[in-house]
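Hydrogens, waters and symmetry mates play no part in the numbers below; they use all other heavy atoms, side chains included. All ligand and atom numbering here is 1-based and tracks the order in the structure. Numbers here simply count residues along the sequence, with the first being 1.
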Amino acid sequence: MGKKKTTQEILAELRAKDSSGGSSSEEPAADQSKAETPTESASPAEAPPAKSADKPKSTKDIMAALRAEAAGGGKAKPAEKTGAKPKSTKDIMAALRAETAGDGKAKPAASEATKPAAKAKPKAAAPPAGERPSVQEMIKVAREGAPDKPAEEKPKTRVKPASRRAAKKSDDDATRRSFLFDVLLAPFVLAWVAFASAATAFGLGVARYMMPNVLVEPPSRFKVGSPTDFPANTVSTKFKAEFGIWVVNANVDGEQMVYALRSVCTHLGCTPSWLEGEQKFKCPCHGSGFYITGVNFEGPAPRPLERVGISLGADGLLEVDKSVTFQQEMGQWGDSASYVPMV
Ligand code: FES
């Protein structure tokens, strides 16, 4: 099996065969020999242009040409028109008709046969000049020698603008990542950042150590209001949260007075609450209980609540002084600075 022939080669062979069988001149034989020896290059005048052999004709054209040839006289005719441009079906048909109606001289066919011979490969040798193949054989040869169709070139995929933008964004991201990993996260940079952070923290710690601790507390002396603001046998809790005292107007040992009690349990320092319904101070921690006078009566509290200093100012307002305390077990509740008598 040889390489498939092109249509031009087949047509050339057919013309060569036709001319060798129908003409008495010696030139077709010479052309035939040229076709059989493709290594011998034809002269520049006889060499066909490359395009004449590049584009093959379809089997339909070949069939039409063969039918025309089979129906004709087999005489070759000059084919000067078969130049660089490939023939159309119409041209081939016209050439074959003209060939069948010609005078049988095969001279011009030489150039036509030489064209494919110049490009023909060794396998494209024509049959012997003395034998003229039948139409069926020629059809078979034409079919076997029909060149393969060139593979269709797939259209190139156009890059959409969105794809370009996505590619550009991807490039930008890659650049940012590269900057992040190559510059910002470089070990040298990280080491300097860690050192600077540690130095800053150390400096702040030293500065804080050099500054004194300031405890912001409410003033120890403050006004609580007029004595009439505290009815008899009542406990005012409005100063408990801010100043940590209760202002009480009660009868102690037969004397009505106003005094201030610290809201600190004498057991372990918790903050008791005043229970109006039970008329007592109750510590939530261990259950110590105190009367309205501040004397303990239940729970683990070892002693009564403490009083703080209280006095009636020149302006008629009660003033509390938390800087001094008075303890009942120490006999200090008899101090006049620990209460204001109510008349
Ligand atoms: Fe108040 Fe224990 S602290 S009872």
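- When each atom of ligand 1 is checked for a heavy atom of Leu268 under 4.0 Å away, the hits are 3 (S).
- In the displayed structure, Lys223 atom NZ is contacted under 6.0 Å by more than 12 heavy atoms of other residues, nucleotides or ligands.
- Residue Cys283 approaches ligand 1 through these ligand atoms, each under 4.0 Å from one of its heavy atoms: 1 (Fe), 3 (S), 4 (S).
- In this pair, Tyr291 and Phe297 present their aromatic rings parallel. The plane angle is below 30°, not in the 30 to 60° band.
- Atom 2 (Fe) of ligand 1 forms the vertex of an angle spanning ND1 of His267 and ND1 of His286; to the nearest 10 degrees it equals 90°.
- Trp333 has its ring centre no less than 6.0 Å from the ring centre of Phe326.
- Taking every heavy atom of Cys265 and a limit of under 4.0 angstrom, the matching atoms of ligand 1 come to 1 (Fe), 3 (S), 4 (S).
- Close approach to Ser288 involves these atoms of ligand 1, each under 4.0 Å from a residue heavy atom: 4 (S).
- Using a 4.0 Å cut-off between charged nitrogen and carboxylate oxygen, Asp335 and Arg307 do not count as a salt-bridge pair.
- At a cut-off of 2.8 Å, Cys270 does not coordinate atom 1 (Fe) of ligand 1 through any N, O or S atom.
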**OP:** Take Cys270 and Cys285 through the disulfide (SG to SG under 2.5 Å) test and state the conclusion after the steps.
**Re:** CA-CA 7 Å; Cys270 289; Cys285 295; 1.8 Å; yes
